[in-house]
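Take a look at the structure below.
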Protein chains: 2
Amino acid sequence: MNKASGAMSYDELRGAIAQRHRALSGRLQQIAEFVLDHPTDVALGTVAEVAQRSGVPPSAIVRFAHALGFGGFTEMQQVFRTRLVAGVAPSYKARLARMKSEEKSVLGRQPAAVLSRFVSEAQSSLVTLSQSVHARELDAATAILAKARDIYLLGLGGSFPVATHLAYVLRKLGRRVVLLDGTGGSIHEQSHAATVDDALVAISFRNYYPDTARLFPELVARGVPAISITDSLLSPIVEGARVVFEIQDMPEPALRTLVAPMCLVQAMAIGLDLAAD
Amino acid sequence: MNKASGAMSYDELRGAIAQRHRALSGRLQQIAEFVLDHPTDVALGTVAEVAQRSGVPPSAIVRFAHALGFGGFTEMQQVFRTRLVAGVAPSYKARLARMKSEEKSVLGRQPAAVLSRFVSEAQSSLVTLSQSVHARELDAATAILAKARDIYLLGLGGSFPVATHLAYVLRKLGRRVVLLDGTGGSIHEQSHAATVDDALVAISFRNYYPDTARLFPELVARGVPAISITDSLLSPIVEGARVVFEIQDMPEPALRTLVAPMCLVQAMAIGLDLAAD
DNA sequence: ATGCGATTAGAATATTCATTCCATTTATGT
DNA sequence: ACATAAATGGAATGAATATTCTAATCGCAT
């Protein structure tokens with residue numbers, strides 16, 4: 001019971017186990033070998049399960065945790081669980097909390113620190129993007145766009161920059177684009193000519209812009225093939241869409257760099273152009 | 001209770017939740033949104049924890065699981081746990097296989113390859129950004145913006161998305177913003193009210209949009225403090241600018257993801273807000 | 001061999017947890 | 001406006017779980 005185990009990472013724990021392996025008694029050595037070989041079982045199982053799989057009585061498992069300086073099995077299990085959560089996409093909640101805490105410090109308030117924060121934020125959102133977008137979806141999306149006569153773009157509020165960017169690139173590539181921006185009237189009027197021979201790319205993140213949520217179902221009902229870029233399967237532009245790109249983003253709208261969706265629409269546009277040859 | 005839930009994958013479950021979301025009652029919808037946004041919490045937490053974090057009573061969580069066809073929370077949780085183990089298991093063999101498949105797709109022009117190409121482009125442009133932007137410039141920029149009564153944004157053509165994004169964030173933070181977009185007349189008229197007490201953020205990349213090149217010197221001549229974001233010191237918006245951010249980008253306009261300038265303007269806006277407190 | 005300390009296994013226990021039940025509230029149709 | 005059904009929240013319940021305790025066993029030096 002000589003090791004402070006409070007804030008221990010999984011790798012540190014592995015090292016600690018390996019280090020004192022030979023100093024442990026027979027049963028405890030057996031358990032040490034098992035937990036190093038089956039960290040997932042330890043992370044997700046109960047004491048009884050781990051005990052059975054490693055062939056020892058439950059109490060031995062608890063003694064093992066004690067020998068490592070933990071208050072009990074549950075405490076040790078927490079460390080093994082960090083390994084699991086580290087494997088999946090970094091949680092935005094944690095990152096947001098980190099941002100908030102850094103904002104408090106004087107150093108974090110300096111513009112240079114703010115920039116490096118957004119840069120690293122953008123980096124990880126790009127990693128997440130390439131992991132979460134599948135080739136099948138991209139192929140389907142470009143197929144829809146390739147068949148479209150006119151391409152309608154719907155992205156208002158915070159998503160407007162993405163829509164304008166996609167509009168710019170598509171027009172550069174010679175596509176006919178209608179950007180639904182609501183200038184000079186309602187977006188309903190702008191989208192009135194959309195038919196089943198056209199296509200719609202809708203972009204919307206929380207909180208979903210009301211006009212987007214209203215117009216999207218109308219166009220879908222008219223048979224316009226739709227591609228949606230959003231942050232949740234529950235967003236109003238998911239139902240009826242032929243293709244849905246779900247992109248994780250920051251919960252706070254003002255903190256979104258839009259890096260991931262910008263890259264995605266770019267890839268869609270260029271991929272469309274290359275496939276057309 | 002009409003869905004066989006025994007051998008269900010995480011993605012299938014997500015789809016099922018999204019599909020019957022609107023058919024659920026209020027509380028259950030609230031839970032649906034939470035579990036889609038916080039799958040890790042569901043995978044690792046207890047009923048009480050999930051209930052507290054999602055702001056519902058524990059019994060509602062169990063009812064939610066029942067509504068999805070599971071025998072109880074524990075049964076549903078198993079599906080969420082598969083997501084965690086799937087994320088960590090692919091060690092070397094799977095990762096190698098993934099790399100191989102990516103290489104293969106690079107050979108073709110498949111959209112997925114295009115995306116990964118843009119992602120890596122964006123990654124490196126972010127690295128370059130954090131290296132090339134210095135704290136002194138950022139400080140100077142935020143100082144100018146802090147003193148400004150109205151902030152005029154000038155970014156046309158391919159830079160328009162950056163300008164709209166900056167406009168969105170600044171307005172969210174309560175700043176007075178004039179976006180020079182030329183709708184309903186000339187940008188000259190829109191910028192007519194700009195004085196020495198205001199500020200101008202100009203964004204322009206090759207080939208420099210003619211209107212930008214024309215308007216920028218006029219505003220500078222009128223004494224409006226200017227911040228420029230561009231790709232060359234020879235660009236038309238460098239001379240007369242108080243601060244210049246030079247950002248390397250792709251030579252071909254259609255291939256720019258705008259990732260770096262998006263991050264930069266975001267950092268400027270948030271940095272301004274934090275410094276103002 | 002024998003006594004002593006360390007180690008172990010299994011039962012006992014106390015706690016945590018998921019689930020169910022029921023009274024109350026809220027929505028819905030007549 | 002009323003009656004009926006659905007939904008909800010909170011307490012009660014019973015199961016599952018981690019942990020502790022104790023008697024038995026093992027290893028080891030004398």
Side-chain angles (χ1 to χ4, degrees), chain A residues 1-3 5-6 8 13 17 20-35 38-82 84 234, chain B residues 1-3 5-6 8 13 17 20-35 38-82:
Chain A
M1 323 251 183
N2 42 4
K3 179 86 182 184
S5 61
M8 202 181 209
L13 177 56
I17 291 176
R20 61 182 75 180
H21 176 255
R22 33 186 290 156
L24 295 172
S25 66
R27 262 287 180 270
L28 263 38
Q29 284 190 16
Q30 180 186 348
I31 297 172
E33 288 157 23
F34 179 84
V35 301
H38 305 90
T40 304
D41 289 343
V42 179
L44 259 32
T46 68
V47 170
E49 285 169 0
V50 175
Q52 190 190 351
R53 288 189 193 154
S54 57
V56 303
S59 55
I61 303 291
V62 177
R63 279 192 296 118
F64 177 75
H66 283 155
L68 258 47
F70 294 101
F73 172 77
T74 312
E75 214 170 275
M76 181 181 75
Q77 192 177 44
Q78 292 305 113
V79 178
F80 282 84
R81 291 190 166 185
T82 63
L84 290 187
L234 302 180
Chain B
M1 326 258 180
N2 40 4
K3 180 84 181 184
S5 60
M8 201 182 209
L13 177 57
I17 292 175
R20 58 181 77 179
H21 174 253
R22 37 188 296 148
L24 295 172
S25 67
R27 262 288 177 273
L28 265 36
Q29 285 190 17
Q30 181 185 348
I31 298 172
E33 288 156 27
F34 180 85
V35 302
H38 305 90
T40 304
D41 289 345
V42 179
L44 259 32
T46 67
V47 170
E49 285 169 0
V50 175
Q52 191 190 354
R53 289 192 190 146
S54 58
V56 304
S59 53
I61 303 290
V62 178
R63 279 191 295 123
F64 177 75
H66 283 155
L68 258 47
F70 294 101
F73 171 77
T74 311
E75 210 171 281
M76 179 181 77
Q77 192 178 45
Q78 291 307 112
V79 178
F80 281 85
R81 290 190 166 184
T82 63

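None of the values given here were measured: they were computed from a predicted structure. Here is how names work: the chains are called A, B, and so on, in the same order as the sequence lines, proteins then strands, and each is numbered from 1. Quick note: numbers below take in every heavy atom, side chains included, and nothing from hydrogens, waters or symmetry partners.
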Here the distance between atom C1' of D:dG10 and atom CD of B:Q52, to the nearest Å, is 15 Å
Among the nucleotides C:dT7, D:dT19, C:dT20, whichever has the atom closest to the side chain of B:S59 is C:dT20
Rounded to whole Å, the CD-P distance (A:E75 to D:dT20) equals 11 Å
Value for CG (B:L28) from CG (B:L68), rounded to nearest 0.5 Å, stands at 8.5 Å
Atom CD1 of A:I61 and atom C1' of D:dT17 are separated, to the nearest Å, by 14 Å
Do the side-chain N or O atoms of B:T46 get closer than 4.0 angstrom to the phosphate oxygens (OP1, OP2) of C:dT16?
no
Non-hydrogen side-chain atoms of A:V35 and A:F64 separated by less than 4.5 Å
yes
Within the structure, does a side-chain N or O atom of B:S25 lie under 4.0 Å from either OP1 or OP2 of D:dT8?
yes
Ranking C:dT20, C:dT7, D:dA7 by distance to the side chain of B:H66, first place goes to C:dT20
Against the side chain of B:L28, the closest entry in C:dA18, D:dT8, D:dT19 is D:dT8
For B:I17 and B:A32 the tightest heavy-atom approach is CG2-CB, 3.8 Å
Between CG of B:L24 and P of D:dA6 the distance, given in whole Å, is 16 Å
Among the nucleotides C:dA9, C:dT19, D:dA18, whichever has the atom closest to the side chain of A:R27 is C:dA9
For A:S54 and A:I61, the nearest pair of non-hydrogen atoms, with its separation, is OG-CD1, 3.9 Å
At less than 4.0 Å, is any side-chain N or O atom of A:R63 found next to OP1 or OP2 of C:dT7? Yes or no. no
The reported gap from NE2 in B:H21 to CD in B:Q30 (rounded to nearest 0.5 angstrom) is 10.0 Å
Closest of C:dA18, C:dG10, D:dT19 to the B:F73 side chain is C:dA18
Atom CZ of A:F64 and atom C1' of C:dA9 are separated, to the nearest Å, by 18 Å
Winner on side-chain proximity to B:P57, out of D:dT20, C:dA9, D:dG9, is D:dG9
Here the distance between atom P of C:dA18 and atom CD of B:E49, to the nearest Å, is 8 Å
Ranking B:A23 and B:P58 by the position along DNA chain D of their nearest nucleotide, the one closer to 5' is B:A23
